[in-house]
J.: 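Before anything else, here's the structure in question.
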Amino acid sequence: MRTAEEKAEKRRLRQEKRAAEKRKKEKSRAIRARELVIPVLKNAVPMFRDPEEEKTVLPFEKETEHLENALNEGGEEMRAFYVRLAQSDAPEEMRDEVLGRALSWRRSGDRLAAASLRSYEAADEVSARFNDLTKARKKSRLPVVGRAPANAAIDLEEEQGEHFARGMNLYKLLMILYIGSFAGVVVELFWCFLKHGYLESRSGLVYGPFNLLYGVGAVALTVFLYRFRNRGRWLSFLMGMAVGSAVEYACSWAQETFLGSRSWDYSDMPFNLNGRICLLYSVFWGLLGILWMKNLYPRMAALIIRIPDKWGRILTWALLAFFVFNAAVSLVAVMRWHGRMMGDAASNAFWRLVDLRFPDARMQRIYANLVWS
């Protein structure tokens with residue numbers, strides 16, 4: 001039989017062993033976390049990099065060393081001025097000198113802040129360009145789809161050729177409007193099928209699978225995110241979140257104000273604003289901003305740049321005429337549909353033709369989610 005002291009000693013040893021194993025696991029998790037997080041921080045945020053690891057020194061960086069020395073010298077000179085100011089029998093007589101020094105330091109601070117911002121922008125951009133170009137050359141897991149080209153490669157190809165949709169011009173924005181209006185409907189049709197098991201119209205125009213909301217959203221994302229196309233993904237997320245939410249709110253307000261209807265309502269969602277937007281879908285817009293600027297836009301730009309210059313100009317204006325006509329007919333059809341629901345009879349031959357061409361059953365199929373307010 002073991003004594004009580006032996007049992008207590010064995011229990012103490014077991015507890016120490018468990019504590020040691022726990023510390024070992026925690027240390028292992030910390031090491032793994034550090035191995036995962038630190039490299040990401042070093043690549044994403046230059047200030048996390050170890051100066052000893054830096055091998056490239058640009059001329060601009062050398063100039064900052066001189067600037068640092070100048071700041072130190074300026075600080076010593078200012079301390080001497082503080083002594084002189086404190087020992088002065090009439091400090092009010094030094095007002096002009098104090099004001100001049102303060103304004104000079106403030107102007108210096110503004111320039112330094114601008115230079116610092118540009119430095120971090122350059123660090124972020126060179127890293128993002130490298131990551132995008134490297135990723136574009138990797139083998140895709142989906143061979144049919146392939147990797148999206150890097151925006152830097154698209155920019156270079158556009159700069160070297162005289163293309164009708166080069167850079168950010170009207171032709172490119174109109175082509176993005178058309179493609180986005182179609183692609184958005186297709187995506188939402190698939191989403192409806194996956195979620196509900198059936199296909200339901202998500203069109204916004206009476207002719208063809210087009211919804212200008214998606215096209216306008218694509219154009220807005222392109223306009224506001226284009227300057228960040230070669231920057232880190234975090235900027236695309238923040239800007240996509242802001243721009244997408246603003247476009248969604250504006251479209252909802254315009255539809256309800258001018259047409260008296262609503263196609264979506266987030267009133268039952270948390271953190272919503274007048275039921276027009278909500279936090280969850282704003283986050284989705286942010287993720288879409290990343291997907292758009294880093295994947296969809298370069299694919300679209302690569303597709304547009306393959307269109308011959310002459311035929312591209314003709315196609316752009318022909319599609320514009322079609323979309324303007326389609327939007328005008330859709331507006332008239334929706335207005336007359338609303339009038340019929342209010343019990344208004346057709347007042348002339350034109351409205352009777354609209355009733356004949358766009359009866360309630362057809363309008364209900366096209367605008368399956370439309371709810372009159």
Side-chain angles (χ1 to χ4, degrees), residues 170-171 173-193 196 198-220 223 244-267 273-277 311-373:
L170 180 61
Y171 285 104
L173 292 179
L174 287 174
M175 293 299 292
I176 289 174
L177 175 71
Y178 310 147
I179 299 174
S181 298
F182 171 76
V185 172
V186 173
V187 170
E188 192 161 355
L189 279 173
F190 277 111
W191 174 250
C192 177
F193 180 78
H196 302 292
Y198 58 83
L199 293 176
E200 187 177 67
S201 173
R202 291 295 186 267
S203 299
L205 300 176
V206 292
Y207 296 122
F210 304 105
N211 191 323
L212 287 176
L213 174 62
Y214 300 114
V216 171
V219 170
V223 169
S245 299
V247 169
E248 190 172 25
Y249 190 97
C251 290
S252 175
W253 175 85
Q255 180 180 351
E256 185 170 8
T257 301
F258 297 107
L259 299 179
S261 63
R262 300 185 75 166
S263 295
W264 64 88
D265 190 349
Y266 303 138
S267 297
L273 183 59
N274 298 327
R276 306 187 192 281
I277 59 175
W311 291 108
R313 296 175 188 273
I314 296 174
L315 179 64
T316 302
W317 294 116
L319 287 174
L320 178 62
F322 167 74
F323 270 82
V324 170
F325 172 77
N326 200 352
V329 173
S330 301
L331 179 60
V332 170
V334 170
M335 290 175 59
R336 182 58 197 140
W337 184 23
H338 182 262
R340 289 196 300 268
M341 295 184 64
M342 296 295 101
D344 299 335
S347 57
N348 52 46
F350 173 76
W351 293 116
R352 287 193 291 272
L353 177 62
V354 173
D355 289 346
L356 179 64
R357 298 287 298 178
F358 302 101
D360 293 349
R362 180 179 180 183
M363 297 299 290
Q364 187 62 50
R365 284 197 305 272
I366 297 174
Y367 301 101
N369 281 340
L370 190 145
V371 177
W372 297 102
S373 60

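Just so it is clear, the model here is predicted, and its values are computed rather than measured.
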J.: Look up atom CG in L212 and atom CG in N326, then write down how far apart they are to the nearest 0.5 Å.
T.: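 Atom-to-atom, L212:CG and N326:CG are 8.0 Å apart.
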J.: Which residues pass the side chain to side chain donor-acceptor pair (under 3.5 Å) test with T316, sequence neighbours left out?
T.: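 Here no residue qualifies.
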J.: If I compare all heavy atoms of R276 with all of S252, which pair ends up nearest, and what's the gap?
T.: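 Scanning both residues completely, I find the closest heavy atoms to be NH1-OG, 3.1 Å.
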J.: If you compare all heavy atoms of R352 against all heavy atoms of A346, which two are closest, and at what distance to 0.1 Å?
T.: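 Reported closest heavy-atom pair: CG-CB, 3.5 Å.
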J.: Anything under 30° is parallel, anything over 60° is perpendicular, the rest tilted; go ahead and classify F323 against Y178.
T.: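 Ring orientation of F323 relative to Y178: parallel.
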J.: Using the salt bridge (charged side-chain N to carboxylate O under 4.0 Å, His left out) definition, which of the options D344, D360, D355 pairs with R336?
T.: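 Considering D344, D360, D355, a salt bridge (charged side-chain N to carboxylate O under 4.0 Å, His left out) with R336 is found only for D355.
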J.: Given side chains that start at C-beta, do those of F358 and V329 come closer than 4.5 Å, heavy atoms only?
T.: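 With C-beta onward as the side chain, the pair touches.
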J.: Give the minimum heavy-atom separation between G208 and S203, together with the two atoms involved.
T.: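 For G208 versus S203, the nearest heavy atoms are O-OG, 3.6 Å.
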J.: Where the side chain of N211 meets the backbone of R202, is there a donor-acceptor pair that is under 3.5 Å apart?
T.: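 Between the backbone of R202 and the side chain of N211 there is a qualifying donor-acceptor contact (under 3.5 Å).
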J.: I'd like to know whether CZ of F182 has more than 12 heavy-atom contacts from other residues, nucleotides or ligands below 6.0 angstrom.
T.: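 No, the 6.0 Å shell around CZ holds no more than 12 heavy atoms from other groups.
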J.: When rounded to the nearest 0.5 angstrom, what distance separates CG in L174 from CZ in R313?
T.: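 Here the rounded value is 12.5 Å.
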J.: Let's go through F190 and V187 carefully: what are the C-alpha distance in whole Å and the side-chain angles of both, what is the deciding distance for side-chain contact (heavy atoms from CB on, under 4.5 Å) to 0.1 Å, and is it a yes or a no?
T.: CA-CA 5 Å; F190 277 111; V187 170; 5.9 Å; no
J.: Return yes when atom CZ of R357 has more than 12 non-hydrogen atoms of other residues, nucleotides or ligands closer than 6.0 Å, and no otherwise.
T.: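 Open.
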J.: Quick check for you: to the nearest 0.5 Å, what is the distance between F350 atom CZ and L353 atom CG?
T.: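 It is 7.0 Å, given to the nearest 0.5 Å.
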J.: Mind checking the CZ-CE spacing from R340 to M363? Nearest 0.5 Å is all I need.
T.: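 CE of M363 is found 7.0 Å from CZ of R340.
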J.: Mind listing the closest non-hydrogen atom pair of V216 and L177 along with its distance?
T.: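 Heavy-atom minimum between the residues: N-CD1, 3.7 Å.
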J.: Could you give the distance from CG (N274) to CH2 (W253), rounded to the nearest 0.5 Å?
T.: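 Answer for the CG-CH2 pair, N274 versus W253, is 12.5 Å.
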J.: Quick check: closest heavy atoms across A327 and L205, and the distance to 0.1 Å?
T.: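 In terms of heavy atoms, the two residues are closest at CA-CD2, 3.8 Å.
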J.: To the nearest 0.5 Å, how far apart are CH2 in W337 and CD1 in I366?
T.: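 The CD1 atom of I366 is 9.0 Å from CH2 of W337, to the nearest 0.5 Å.
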J.: Strictly distance-based, threshold 3.5 Å: is any side-chain N or O of Y367 a donor or acceptor partner for the main-chain N or O of G204?
T.: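 The answer is yes, because a donor-acceptor pair under 3.5 Å joins these two groups.
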J.: For residues I176 and A218, report the shortest heavy-atom separation together with the two atoms involved.
T.: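 Where I176 meets A218 most closely, the heavy atoms are CG2-CB, 3.8 Å.
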J.: Parallel, tilted or perpendicular: which one describes the rings of Y207 and F325, with boundaries at 30° and 60°?
T.: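 Ring orientation, 0 to 90° scale: parallel.
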J.: Could you tell me if the side chain of Y266 sits less than 4.5 Å from the side chain of L273, heavy atoms only?
T.: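 No, too far: nothing below the 4.5 Å cut-off.
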